[in-house]
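Notes for the one structure printed next.
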Number of protein chains: 2
Amino acid sequence: MTIYEVAEAAGVSVATVSRALNGGRVAPSTRERVLQVAGRLGFSPSPAARVLATGKSRAIGVVIPDATGPLYGRMLRGIGLELAQAGYTYLVESSERDPGREGQVLRDLSARDVEALVLIGSGLGPQALAAMQGELPALVLVEREGAELAAPMVTIDNESAAERATRYLIEHGHERIAHIAGPRRAGRERLAGWRRALAAHGLPPGPVVDGGFTEAGGYRAAQELIERDGFTAVFVASDRMALGAYRAFREAGLRVGADVSLVGFDGLEFGAYLDPPLTTLRQPAQQLGQAAARAALAVTRGERPENVVLSCELIPRASVMEYGGGP
Amino acid sequence: MTIYEVAEAAGVSVATVSRALNGGRVAPSTRERVLQVAGRLGFSPSPAARVLATGKSRAIGVVIPDATGPLYGRMLRGIGLELAQAGYTYLVESSERDPGREGQVLRDLSARDVEALVLIGSGLGPQALAAMQGELPALVLVEREGAELAAPMVTIDNESAAERATRYLIEHGHERIAHIAGPRRAGRERLAGWRRALAAHGLPPGPVVDGGFTEAGGYRAAQELIERDGFTAVFVASDRMALGAYRAFREAGLRVGADVSLVGFDGLEFGAYLDPPLTTLRQPAQQLGQAAARAALAVTRGERPENVVLSCELIPRASVMEYGGGP
DNA sequence: TATCGTTATGTAAGCGGTTACATAAGCACA
DNA sequence: TGTGCTTATGTAACCGCTTACATAACGATA
């Protein structure tokens, strides 16, 4: 079923059909008739032909660090929803947290003619990206370094969220609050938020240990904290690290939610099923995806969209208890 | 950068370039030269033009029931890995568990020229699918009803896995084993496996209650079981339902792993963090995806691939305890 | 040497849309 | 009634590939 058959059936030329279908100048009566015929014939234009003719693929590429990450599904849903409204689709590829592979993935997606690339999470550094930018379509960065890259960014307000989390602990009577930190921009910002909350309440920063955003790292970090002592609560920069911390505390004979209070970050599902359930900050994953898609659509139109910053929601659960006592 | 520029630079015609690039008949020396020039110029052929010329899009469509489902990410990874090797990509869309929407999604993907469609999990019934088959490309069904559909199927061996799970409980001394069942093919097969294991050991089937594959359903089903009594262990047809069951048992003052043993199904991440950790059967999600992609590639070649049946792995955890005593 | 079969390469016609440009029709106005 | 402007529609080129068919070159064979 091609546009020629529709033209023939409607008794007009292909140009008129094309115009009727794409909102060009056509007499209303003609448009009506063409649309009707096209509908009856079940005509749907060949995307390939359209791409070839217009040079616009109506597709954007999305790169995620890890196909199995629980947040990425939600982000992709947001992206898909938003793009569908504009008649766009997306191609996803995962870098599997390997910067080298990410480079390939980027090239691969560009070779597939995507009009924009949404890069989610960490991967190639800003300088590497800058070096490639010439051969790539417009970028949109989601929760990723690269402010210097002249690409619209969609992020969460890590610092405010971290501050909120820490304040929550303070409001529950904690005065000596440690931090298990993570790397990169997200890690730094969360650390800063923790600092800011403590400073705002005139409290001294408790010990900080890096946990590398992994479960094993969280475990080791918590062990180190336990050794150093001097805290009644910990703000952990990710749920995954909090998982490791639970284990370390349990092994040390400390009860989370009683002997020590914990707040995580991300809002991953398993947090609700830990014992005790983990207080955490939920990332607005789907909204991040939607915002990213909107930005991507904007750049394909040649616009330069504003950066977007979304905030996280605190989910209070039993891992935080009121702290009453002395040292 | 088009094939014409490459042809010009290499001093040959576009036909020769095309042949050199696609493995047609070309003199080895010419091929060498063309490849070199193309490489130097960074030529990468326009997918749209290629699709238009060949009628093959080198893309397959994937429909999942739910973008946030933890298993789908793994399946998509498997699909992506397998397709990439063949130079194919995929487009994903989610039906959001709405059969009507799935119909749209299928049409949408077909309109996007995919060469095959991989349908994962439940959705449109076989008859509805059969009715649409005329307007769709070849289908591949993953863990889905539709044996009558003349489409290759990729499934897990639900029945064997369920039998294995039940046998595991029997080996731990349980003789009165209940079942929380789920709907559809997967539910029926798991029920059958449970039955078979009991029969094989000459044990009477314990009570069976339907839990609809949801957490709330699992909760209610467990409540009903508790009321009926007469079991020391439960084989629950999904981890999600097991979650509800944990809650019901806890509320009834029964300790999972002590007063009652539980085995789930799916191998979702949170199961490891329940208290006690849930014994379950891990679905080979990534392999399912790979097998589906292989099947899809085969059908695009006009082959009729064999059905694939994969098995699940039992993950023993603390939700199952040795049962020693009497009633 | 004329003929034929191979093999390597070139020419040009699509594939199915979009769109610049040409044309025709209709109307207002002098 | 002729002129000019606006509006609706048609014609055909083009997007960048693939590939059927034509052609040329070259040995091998009669």
Side-chain angles (χ1 to χ4, degrees), chain A residues 1-39 41-59 87-89 110-115 137 300-301, chain B residues 1-39 41-59 87-89 110-115 137 300-301:
Chain A
M1 174 56 40
T2 77
I3 200 173
Y4 287 89
E5 308 177 49
V6 177
E8 166 124 46
V12 295
S13 74
V14 290
T16 300
V17 175
S18 178
R19 281 189 287 253
L21 260 34
N22 299 304
R25 290 187 78 88
V26 203
S29 62
T30 312
R31 151 162 297 126
E32 176 64 20
R33 181 156 38 95
V34 170
L35 258 37
Q36 200 153 317
V37 170
L41 265 44
F43 169 74
S44 100
S46 149
R50 192 184 285 216
V51 170
L52 192 56
T54 61
K56 320 215 74 212
S57 66
R58 304 190 150 263
Y88 272 63
T89 5
S110 330
R112 290 206 150 78
D113 261 2
V114 297
E115 293 180 39
T300 64
R301 280 183 248 114
Chain B
M1 175 56 40
T2 76
I3 201 174
Y4 287 88
E5 309 178 49
V6 178
E8 166 125 47
V12 295
S13 73
V14 292
T16 301
V17 175
S18 176
R19 282 189 284 254
L21 260 32
N22 300 303
R25 291 188 78 85
V26 203
S29 62
T30 311
R31 150 164 298 127
E32 176 62 21
R33 181 158 37 96
V34 170
L35 258 36
Q36 200 152 316
V37 170
L41 264 43
F43 169 74
S44 101
S46 149
R50 196 189 287 232
V51 170
L52 192 56
T54 60
K56 320 213 76 213
S57 64
R58 304 192 149 262
Y88 272 62
T89 6
S110 329
R112 289 207 152 79
D113 260 2
V114 297
E115 293 180 40
T300 65
R301 280 183 248 113

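Note that the coordinates shown come from a computational prediction; the quantities given were computed from them, not determined experimentally. In what follows, chains carry the letters A, B, and so on, assigned in the order in which the sequence lines appear, proteins first and then strands, with residues in each chain numbered from 1.
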Atom pairs, protein N/O to nucleotides 23-26 of chain C N/O, distance under 3.5 Å:
none

From CG of A:Asn22 over to C1' of D:dT9, roughly how many Å is that when rounded to an integer?
16 Å
Distance check needed: C:dT19 C1' versus A:Lys56 NZ, whole Å only.
16 Å
Measure the distance from CZ on A:Arg50 to P on C:dC15 and round it to the nearest whole Å.
19 Å
Just to be sure I understand the rule, does B:Ala15 reach a base, reach only the sugar-phosphate, or reach nothing, if contact means heavy atoms closer than 4.0 Å?
base
Students often get this wrong, so: under 4.0 angstrom with heavy atoms, is A:Val12 touching a base, only sugar-phosphate, or nothing?
sugar-phosphate
Side-chain atoms of B:Ser13 come closest, of D:dT9, C:dT11, D:dT18, to C:dT11
Minimum heavy-atom distance B:Val6-B:Leu41, with the two atoms named
CA-CD2, 4.2 Å
Measure from CZ on A:Arg31 to P on D:dT7 and round the result to the nearest Å.
15 Å
Can you tell me the distance, in whole Å, between the CZ atom of A:Arg19 and the C1' atom of D:dA8?
8 Å
Could you measure the distance from the CZ atom of A:Arg25 to the OG1 atom of A:Thr16? Nearest 0.5 Å is fine.
13.0 Å
To the nearest 0.5 Å, atom OH of B:Tyr4 lies from atom CZ of B:Phe43 at 11.0 Å
Side chain to side chain donor-acceptor pair (under 3.5 Å) assessment of B:Arg112 paired with A:Thr89:
CA-CA 9 Å; B:Arg112 289 207 152 79; A:Thr89 5; 3.0 Å; yes
Side chain of A:Ala53 only, heavy atoms from C-beta on: which candidate in D:dT18, C:dT9, D:dC15 is closest?
D:dC15
I want to check one thing: is the phosphate of D:dT9, taken as OP1 and OP2, less than 4.0 Å away from some side-chain N or O of A:Thr30?
yes
Under 4.0 Å between any heavy atoms, over every strand shown, what does A:Thr2 touch: base, sugar-phosphate, or nothing? Just pick one.
sugar-phosphate
Does B:Arg25 reach a base, just sugar-phosphate, or nothing at all? Heavy atoms under 4.0 Å.
base
Atom pair CG (A:Leu52) and OG (A:Ser57), whose distance is rounded to the nearest 0.5 Å
12.0 Å
Whole-Å distance between D:dC17 P and B:Leu52 CG?
12 Å
Between A:Thr54 and C:dT18, is there a contact of a side-chain N or O with OP1 or OP2 at under 4.0 Å?
no
What are the two closest non-hydrogen atoms of A:Ala48 and B:Val51, and how far apart are they?
CB-CG1, 3.4 Å
Side chain of A:Val14 only, please: which of C:dT9, C:dT18, D:dC17 is the nearest?
C:dT18
Looking for any heavy atom pair under 4.0 Å, which part of the strands does B:Thr16 touch: base, sugar-phosphate only, or nothing?
sugar-phosphate
One thing to verify: whether A:Glu115 and A:Lys56 come together as a salt bridge, which I'm taking to mean a side-chain N less than 4.0 angstrom from a carboxylate O.
yes
Judged by nearest nucleotide, the residue sitting upstream toward the 5' end of DNA chain C, A:Ser44 or B:Tyr4, is B:Tyr4
What contact category does A:Val51 fall into here, base, sugar-phosphate, or nothing, at under 4.0 angstrom with non-hydrogen atoms?
nothing
How many Å lie between CG on A:Leu21 and P on D:dT9, as a whole number?
14 Å
In terms of heavy-atom contacts, B:Ala49 and B:Ser46 come closest through N-OG, 3.1 Å
Can you tell me how far C1' of D:dA12 sits from CD1 of A:Ile3, to the nearest Å?
14 Å
